[in-house]
Amino acid sequence: MLVISEKALFFSKFEPTIMENITWETSSLRASLNDYFFETAFTDTEKSTILTTTIVNEDNSTYGVSGGNNTSDKVFVLSASEAEKYFTTDTSRSVVCTEAALTSVYNEYGV
């Protein structure tokens, strides 16, 4: 089962600095989601039911960017093609943040 939140639950940059060749596999967002977020957002019972998923990291032909190696994750963001599949309009791909996500934005940017 794929569970998609209708609200943003967590905020983290894909990568805190602009670097070349950052993929999902090496991104700080992936590390944050599968470490801090996973450990704090779910109870031990919930964590025990979340399966590890193989993420096929497709190349992005629109921007000519390599997807990198496939990964094994418990928490992940949708790829561009998955976002278009599940949310067919730009409006439906918009997100409302939870208080927790807004707090993390504030902590990151001080706004």
Side-chain angles (χ1 to χ4, degrees):
M1 172 181 4
L2 174 64
V3 177
I4 302 172
S5 175
E6 64 183 16
K7 294 184 178 181
L9 304 174
F10 179 74
F11 172 83
S12 180
K13 295 178 184 176
F14 187 78
E15 191 59 34
T17 59
I18 298 174
M19 301 174 67
E20 292 184 29
N21 302 320
I22 298 298
T23 63
W24 174 248
E25 177 186 27
T26 59
S27 73
S28 60
L29 174 58
R30 176 178 178 248
S32 294
L33 285 173
N34 284 282
D35 183 25
Y36 175 78
F37 178 76
F38 181 76
E39 291 301 323
T40 60
F42 303 103
T43 66
D44 288 341
T45 301
E46 291 167 333
K47 285 188 267 189
S48 71
T49 65
I50 298 173
L51 301 176
T52 299
T53 301
T54 299
I55 308 301
V56 177
N57 295 301
E58 302 167 349
D59 294 345
N60 185 319
S61 59
T62 302
Y63 296 102
V65 177
S66 169
N69 296 321
N70 294 341
T71 57
S72 296
D73 299 309
K74 292 191 178 285
V75 183
F76 54 92
V77 296
L78 297 176
S79 68
S81 62
E82 289 169 327
E84 290 174 358
K85 174 183 174 183
Y86 296 115
F87 305 97
T88 58
T89 66
D90 288 343
T91 301
S92 67
R93 287 187 292 272
S94 303
V95 67
V96 174
C97 292
T98 60
E99 284 297 318
L102 290 173
T103 298
S104 61
V105 170
Y106 178 80
N107 291 338
E108 182 76 24
Y109 293 106
V111 293

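These numbers come from the heavy atoms of this one structure, side chains and all, not from hydrogens, waters or symmetry mates.
In terms of modelled atom types and a separation under 3.5 Å, the side chain of Asp59 and the main chain of Ser61 share no donor-acceptor contact. A donor-acceptor pair under 3.5 Å is absent between the side-chain atoms of Ser5 and the main chain of Ala8, judged by distance alone.
Asn69 contributes atom CG, which lies 6.5 Å from atom OG1 of Thr23 (distance to the nearest 0.5 angstrom). Atom CD of Glu84 sits about 11.0 Å away from atom OG1 of Thr89, to the nearest 0.5 Å. For the atom pair CD (Glu25) and CG (Asp73), the distance works out to 9.5 Å, reported to the nearest 0.5 Å. The CD1 atom of Ile22 sits 12.5 Å away from the CZ atom of Arg30 when rounded to the nearest 0.5 Å. Remark: Lys74 NZ to Asp35 CG distance equals 13.0 Å, nearest 0.5 Å. One finds the CG atom of Leu29 at 11.0 Å from the OG1 atom of Thr26 (value rounded to the nearest 0.5 Å).
Here the side chains of Ser12 and Tyr36 are not in contact, with every heavy-atom distance at 4.5 Å or above. You'll find the side chain of Thr71 stays beyond 4.5 Å of the side chain of Phe76, heavy atoms only.
Shown here for Ser72 and Thr52, the closest heavy-atom pair between the two residues is CB-CG2, 3.6 Å. Of all the heavy atoms in Val75 and Trp24, the pair that sits closest is O-CZ2, 4.1 Å. For the residue pair Leu9 and Ala100, the shortest heavy atom distance occurs at O-CB, 4.1 Å.
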Where do Ser79 and Glu58 land on the side-chain hydrogen bond (donor to acceptor under 3.5 Å, both in side chains) test, with the steps shown first?
CA-CA 8 Å; Ser79 68; Glu58 302 167 349; 4.6 Å; no
Thr103/Phe11 under side chain to side chain contact (heavy atoms under 4.5 Å, CB included): CA gap, chis, key distance, verdict = CA-CA 9 Å; Thr103 298; Phe11 172 83; over 6 Å; no
- Task: Decide side chain to side chain contact (heavy atoms under 4.5 Å, CB included) for Leu2 and Tyr86; before the verdict, give the C-alpha distance in whole Å, the side-chain angles of both, and the deciding distance to 0.1 Å.
- Result: CA-CA 11 Å; Leu2 174 64; Tyr86 296 115; 3.7 Å; yes
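By the neighbour-count criterion of 12 heavy atoms within 6.0 Å, atom NZ of Lys7 is sparsely surrounded, having that number or fewer from other residues, nucleotides or ligands. Atom CD of Glu39 has more than 12 neighbouring heavy atoms from other residues, nucleotides or ligands inside a 6.0 Å radius. Dense packing is recorded around CD of Glu46, with more than 12 heavy atoms of other residues, nucleotides or ligands lying under 6.0 Å away.
Val96 and Phe10 sit in two unconnected hydrophobic clusters of ILVMFWY residues. Membership requires side-chain heavy atoms under 4.5 Å apart, directly or through other members. Following chains of ILVMFWY side-chain contacts shorter than 4.5 Å, one cannot reach Val56 starting from Val77, and the two form parts of different hydrophobic clusters. The hydrophobic cluster containing Phe14 also contains Phe38, counting ILVMFWY residues as joined when their side-chain heavy atoms lie under 4.5 angstrom apart, directly or transitively.
Relative ring orientation between Phe42 and Phe37 is described as perpendicular, the plane-to-plane angle rising above 60° on a 0-90° scale split at 30° and 60°.
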